[in-house]
Amino acid sequence: MFSVGSTLPDAPGRTGTITTPHGQIQTPAFIPVGTKATVKAVLPESLSDLGAQAVLANAYHLYLQPGPDIVDEAGGLAAFMNWPGPTFTDSGGFQVLSLGAGFKKTLAMDAIGVEADDVIAPGKDRLAHVDDDGVTFKSHLDGSRHRFTPEVSMQIQHQIGADIIFAFDELTTLMNSRAYQELSLERTQAWAARCLAEHQRLTIAQPDRPAQALYGVVQGAQHEDLRRKAARDLASLEIDGRRFEGYGLGGAIEKESLGTICRWVNDELPEDAPRHLLGIGEPEDLFEGVEAGCDTFDCVTPTRVARSSRVYSVRGRYNLLVAASRRDFGPICDECDCYTCANYTKAYLHHLFKANEMVAATLCSIHNERFFVRLVDSMRAAITAGEFAELKTEWLGRYLAGRDSRD
RNA sequence: GGCAGGUUGCCCGAGUGGCCAAAGGGAGCUGACUGUAAAUCAGCCGUCAUCGACUUCAGAGGUUCGAAUCCUCUACCUGCCA
């Protein structure tokens, strides 16, 4: 399902092609997040127009609402949401953290060094509780209890029917102790084997359904030995003749060590399998990830931030709501080729945000998604052209300088 | 012209003697957000300032140890009756 194209001369970065039943993905690629089978505020037609190659939805959210049976009856995720291209689903693993230890807290990416397993969210307040067999969730919608195990996650993701699905894993935070990281990783690895077995069982049991590819998820936090071992073990895992078809790199990762951690992991993973860096990231993180050999990326930032009037430009990110935009009749970014920048001014978008008009979120989400998709597309082109290092230096130089001067 | 009610910080609006620089909204300003409990959340929001000090509740005067709160007059607004 994956073929490598060009590679970087001095780093693991590469271009490639992922083939799915719903089409191909040219990598590296930025995959917009559509948690509940919609990229918030953006029509599928706009997503196509802005160059998105795939969408990533979430098994936990779709399980609670509308229910995987309904997605299944609709003909699967792609048909249900009217997105013709490839789709991914996350396993619900992220919610083990966001509704568990990270409950009501920011997922700090720079809080490393504090070793305290339980300081984050007190156990009694959490909506998710992990044990060795799985996770018990209290629905954030109605408080009802639900149980996810690796098998349940696979069953749900098979029903939802995305082209690429992820193994059910546990995320830790940067604040967890080494001891907890080890324990958690052991659990995640055991779950990976169970996911693979269940995935194989479901695939064989339902031969008429479109093939789905299962990615194993590498955890291990910031520890090199754990990361390498996790990657190695997943790469060698084979159950009933089945292996993972790709790999996800997961976990809360300290920004500064992102590239390093990706290299440890990708060093151990097979070259002919795609690697997805989960939940990353900002432009500077994407450069790190691509250079380190990751192929696909997803992140909520472009849409989440757009809804509160933050937009990206080649000279950094800024807030459209500040007074400076009130009488600025230029586009968000003068080098952008998106629909929004072609047709709308900052002053107009500023007005829409002030007036709390919905289309503001739509227009800015289109812009931000285009910005990220195009950025990673330009990295792909640069790898092919042998100009990645130049692009990184030049692009990031401008972006970071602009960002810093704004502060 | 008569009777009644009202005038609070940028706006709306609570507050009827000390716990009031004054609740709560809104607006404004800052900041955060990385496999989305997120069209969300946090902070600031009279002035100067480090605790703290100073000037405020239409205006002027008064009562009181103490007034946004009580009294008098003035100005303006609203309702009902002429």
Side-chain angles (χ1 to χ4, degrees), chain A residues 30-42 55-62 64-65 88-100 102-110 121 125-128 137-143 153 157 162 164-171 173-174 215 217-219 247-255 258 276-286 288-289 294 296-310 312 317-319 321-324 326 352-365 368 372 406-407:
Chain A
F30 183 80
I31 314 298
V33 176
T35 304
K36 302 180 198 174
T38 172
V39 175
K40 292 184 193 297
V42 182
V55 171
L56 183 144
N58 182 280
Y60 166 82
H61 286 276
L62 292 175
L64 289 181
Q65 191 176 57
F88 295 61
T89 44
D90 182 35
S91 61
F94 182 75
Q95 281 65 37
V96 180
L97 174 72
S98 67
L99 302 179
F103 184 54
K104 282 189 173 169
K105 296 283 193 287
T106 306
L107 214 182
M109 297 195 71
D110 55 0
D125 294 332
R126 299 179 181 184
L127 287 180
F137 292 102
K138 253 178 120 173
S139 162
H140 66 278
L141 297 175
D142 63 7
S153 177
Q157 292 191 78
I164 294 168
I165 66 179
F166 285 94
F168 190 56
D169 63 332
E170 181 192 5
L171 269 80
T173 76
L174 292 171
Y215 283 25
V217 179
V218 180
Q219 293 290 349
Y247 300 88
L249 277 67
I253 295 173
E254 194 186 25
K255 217 173 166 58
L258 182 70
H276 182 91
L277 183 53
L278 285 152
I280 302 296
E282 293 291 341
E284 60 273 27
D285 303 325
L286 294 169
E288 288 300 311
C294 297
T296 51
F297 306 82
D298 73 277
C299 192
V300 303
T301 288
T303 50
R304 176 183 283 174
V305 140
R307 271 174 271 123
S308 56
S309 68
R310 267 67 178 187
Y312 287 83
R317 195 182 88 187
Y318 64 95
N319 187 355
L321 212 49
V322 301
R326 200 148 75 107
L352 291 179
F353 275 112
K354 289 282 192 208
N356 202 24
E357 286 293 341
M358 296 185 284
V359 83
T362 296
L363 292 172
C364 289
S365 294
N368 282 352
F372 277 70
R406 224 185 305 280
D407 303 337

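We use all heavy atoms of the structure for the numbers below, so side chains are in, but hydrogens, waters and symmetry mates are not. Labels below follow one simple rule: chain letters A, B, ... track the order of the sequence lines, proteins then strands, and each chain is numbered from 1.
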K.L.:
For A:Asn58 and A:Thr35, test the side chains for any donor-to-acceptor distance below 3.5 angstrom and give the result as yes or no.
P.N.:
no
K.L.:
Mind checking the P distance from B:C19 to B:A67? Whole angstroms is fine.
P.N.:
11 Å
K.L.:
Expressed in whole Å, how much space separates the C1' atoms belonging to B:G28 and B:G46?
P.N.:
15 Å
K.L.:
Pick base, sugar-phosphate or nothing for A:Asp285, based on heavy-atom distances below 4.0 Å to the nucleic acid.
P.N.:
base
K.L.:
Considering only the C1' atoms, how many Å lie between B:U55 and B:G9, rounded to the nearest integer?
P.N.:
12 Å
K.L.:
Given atom CD of A:Glu357 and atom C1' of B:A39, what is their separation to the nearest angstrom?
P.N.:
12 Å
K.L.:
Whole Å only: how far is the NE2 atom of A:His140 from the C1' atom of B:A37?
P.N.:
5 Å
K.L.:
Who is the Watson-Crick or G-U wobble partner of B:U34, with both distances under 3.5 Å?
P.N.:
none
K.L.:
Can you tell me if A:Ser153 uses its side chain to pair, donor with acceptor, with the backbone of A:Ser91 under 3.5 Å?
P.N.:
yes
K.L.:
Counting only Watson-Crick or G-U wobble pairs whose two distances fall under 3.5 Å, which nucleotide matches B:C44?
P.N.:
B:G28
K.L.:
Searching all strands shown, indicate the nucleotide that pairs with B:A39 (Watson-Crick or G-U wobble; both distances under 3.5 Å).
P.N.:
none
K.L.:
Does A:Val322 reach a base, just sugar-phosphate, or nothing at all? Heavy atoms under 4.0 Å.
P.N.:
sugar-phosphate
K.L.:
Given B:U40, is OP1 or OP2 found less than 4.0 Å from the side-chain N or O atoms of A:Arg304?
P.N.:
no
K.L.:
Using a strict 4.0 Å threshold on nitrogen-to-oxygen distance, state whether A:Glu284 and A:Lys255 make a salt bridge.
P.N.:
yes
K.L.:
Just checking A:His276: base, sugar-phosphate only, or nothing, at a heavy-atom cut-off of under 4.0 Å?
P.N.:
nothing
K.L.:
For B:C10 versus B:G62, give the span between their C1' atoms, rounded off to a whole number of Å.
P.N.:
33 Å
K.L.:
Pick the P atom in B:A4 and in B:A23, then give their distance to the nearest Å.
P.N.:
33 Å
K.L.:
Output the rounded distance in Å from CG (A:Asn319) to C1' (B:C33).
P.N.:
13 Å
K.L.:
Output, in order, the C-alpha distance, side-chain angles, deciding distance and verdict of ring pair (Phe, Tyr, Trp, His ring centres under 6.0 Å) for A:Phe297 and A:Phe372.
P.N.:
CA-CA 10 Å; A:Phe297 306 82; A:Phe372 277 70; over 10 Å; no
K.L.:
If I pick the C1' atom on B:C65 and the same atom on B:G59, what distance separates them, to the nearest angstrom?
P.N.:
26 Å
K.L.:
Give A:Gln65 one of three labels, base, sugar-phosphate or nothing, depending on what nucleic acid heavy atoms sit under 4.0 Å from its own.
P.N.:
nothing
K.L.:
Quick one: which of B:U34, B:U36, B:A37 gets closest to the side chain of A:Lys255?
P.N.:
B:U34
K.L.:
As a quick check of understanding, evaluate ring pair (Phe, Tyr, Trp, His ring centres under 6.0 Å) for A:His61 and A:Phe94, giving each step before the final call.
P.N.:
CA-CA 11 Å; A:His61 286 276; A:Phe94 182 75; 9.2 Å; no
K.L.:
Heavy atoms under 4.0 Å, any strand shown: does A:Thr301 hit a base, just sugar-phosphate, or nothing?
P.N.:
sugar-phosphate
K.L.:
Please determine, for the side chain of A:Val33, which listed nucleotide (B:U34, B:U36, B:A39) has the closest atom?
P.N.:
B:U36
K.L.:
I want to confirm an ordering. Mapping A:Leu141 and A:Glu284 to their closest nucleotides on RNA chain B, which one lands closer to the 5' end?
P.N.:
A:Glu284
K.L.:
If you assign A:Phe166 and A:Lys36 each to the RNA chain B nucleotide with the nearest heavy atom, which residue ends up on the more 5' nucleotide?
P.N.:
A:Phe166
K.L.:
Given the structure, check if the side chain of A:Ser98 and the base of B:U36 hold any donor-acceptor pair shorter than 3.5 Å.
P.N.:
no
K.L.:
Please answer whether the main-chain N or O of A:Gly279 pairs with a side-chain N or O of A:Asp298 as donor and acceptor at a distance below 3.5 Å.
P.N.:
yes
K.L.:
Between A:Thr362 and A:Ala41 (side chain of the first, backbone of the second, donor and acceptor by atom type, cut-off under 3.5 Å), is there such a pair?
P.N.:
yes
K.L.:
For B:C80, give its Watson-Crick or G-U wobble partner with both distances under 3.5 Å, or none.
P.N.:
B:G2
K.L.:
With rounding to whole Å, what would you report as the distance between B:G5 and B:C12 at their P atoms?
P.N.:
23 Å
K.L.:
Watson-Crick or G-U wobble partner for B:C20, using a 3.5 Å limit on both distances?
P.N.:
none
K.L.:
Where the side chain of A:Asn356 is defined as all heavy atoms beyond and including C-beta, which of B:U36, B:A39, B:A32 is the nearest nucleotide?
P.N.:
B:A39
K.L.:
Across the strands shown, which category fits A:Asn58 at heavy-atom distances under 4.0 angstrom: base, sugar-phosphate, nothing?
P.N.:
sugar-phosphate
K.L.:
Looking at A:Pro302, is its backbone amide N or carbonyl O close enough to the side chain of A:Asn368 to form a donor-acceptor pair, meaning the two atoms are under 3.5 Å apart?
P.N.:
yes
K.L.:
Measure from CG on A:Leu321 to C1' on B:C41 and round the result to the nearest Å.
P.N.:
15 Å
K.L.:
Nearest whole angstrom, please: distance from the P of B:C33 to the CZ of A:Arg317.
P.N.:
7 Å
K.L.:
Please give, in whole Å, the distance from B:A37 C1' to A:Asp142 CG?
P.N.:
12 Å
K.L.:
So what does A:Ser139 hit on the nucleic acid, given a heavy-atom distance under 4.0 Å: a base, only sugar-phosphate, or nothing?
P.N.:
nothing
K.L.:
Can you tell which of B:U34, B:G31, B:U36 lies closest to the side chain of A:Ile280?
P.N.:
B:U34
K.L.:
In the strands shown, is B:U72 matched to any nucleotide by a Watson-Crick or G-U wobble pair with both distances under 3.5 Å, and which?
P.N.:
B:A60
K.L.:
Answer yes or no: does a side-chain N or O of A:Ser308 lie under 4.0 Å from OP1 or OP2 of B:A32?
P.N.:
no
K.L.:
Could you give the distance separating B:A14 and B:U8 at their P atoms, to the nearest angstrom?
P.N.:
11 Å
K.L.:
Just how far, in rounded Å, is P of B:U34 from NZ of A:Lys40?
P.N.:
14 Å
K.L.:
How many Å lie between CZ on A:Arg310 and P on B:A38, as a whole number?
P.N.:
18 Å
K.L.:
Is there a side-chain polar atom (N or O) of A:Lys354 under 4.0 Å from OP1 or OP2 of B:C29?
P.N.:
yes
